[in-house]
Amino acid sequence: MTALEQVPTTRVVMPVDAPRPSAPEEPVIFRFPAPDDPPPGSARMFAVAVYGAGLGLCGVAVGLYAVLAVVSGAPVWYLPALAALTLLSVALAVAAFLAIHQRALPWMLLLAAAPPMAANLYLAVSY
């Protein structure tokens, strides 16, 4: 058989009216927006993005300071503590973006992301 010859295939056609199993509709809180979802308001998206950017810039500053601290001989616990706090803060910020269609949940998640970043900043500055 060469590449130009047709390979016999079997085609299965389902009837149009075939019943489809349907799962009960449960509200999903953390999800990527579907194509038929209405877009979030521009002001809401901008505010969440600015808050997230502020957290990100604070994280970058802490990370740069941590690199200098590790090079100068930081204790063993220092870098894992900073990494854990950063990951917690980032996870909460990501969850806020995934819940952008909810009313108050993104703001609660962003507010919850601030204390781990503040602890990061305190650890970086106090060492």
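Only this structure's heavy atoms are used, side chains among them; waters, hydrogens and symmetry mates stay out.
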Excluding sequence neighbours, so at least two apart, what forms side chain to side chain contact (heavy atoms under 4.5 Å, CB included) with [X]?
{"X": "Val90", "result": "Thr86, Val94"}
{"X": "Pro75", "result": "Trp77, Tyr78, Tyr127"}
{"X": "Leu88", "result": "Leu92, Pro116"}
{"X": "Leu87", "result": "none"}

Practice prompt. Spell out, yes or no, whether Val67 and Leu121 are grouped together once hydrophobic residues are joined by side-chain heavy atoms under 4.5 Å, including indirect joins.
Written response: no
Could you go through residues 55-65 and list every donor-acceptor pair under 3.5 Å that involves a side-chain atom there, pairing it with any protein atom two or more places apart or in another chain?
none

Closest non-hydrogen atom pair between [X] and [Y], with its separation:
{"X": "Ala81", "Y": "Leu123", "answer": "CB-CD1, 4.1 Å"}
{"X": "Ala93", "Y": "Leu110", "answer": "CA-CD2, 4.2 Å"}
{"X": "Ala113", "Y": "Ser89", "answer": "O-OG, 2.9 Å"}

Response to the item:
Using a 4.5 Å side-chain heavy-atom cut-off and chaining through intermediate ILVMFWY residues, the residues clustered with Leu68 come out as none
Worksheet entry | Nonpolar side-chain network containing Val50, other nodes, edges under 4.5 Å | Phe46
Worksheet entry | Side chain to side chain, Met45 and Ile100, heavy atoms closer than 4.5 Å |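 Met45 vs Ile100: side chains touch.
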Fill in: Pair listing, side chain to side chain donor-acceptor pair (under 3.5 Å) test, anchored in residues 40-52, at least two apart
none
Discussion item. Once ring-ring contact (aromatic ring centres under 6.0 Å, His included) is applied, what residue pairs with a partner in residues 85-115 remain, sequence neighbours excluded?
Written reply: none
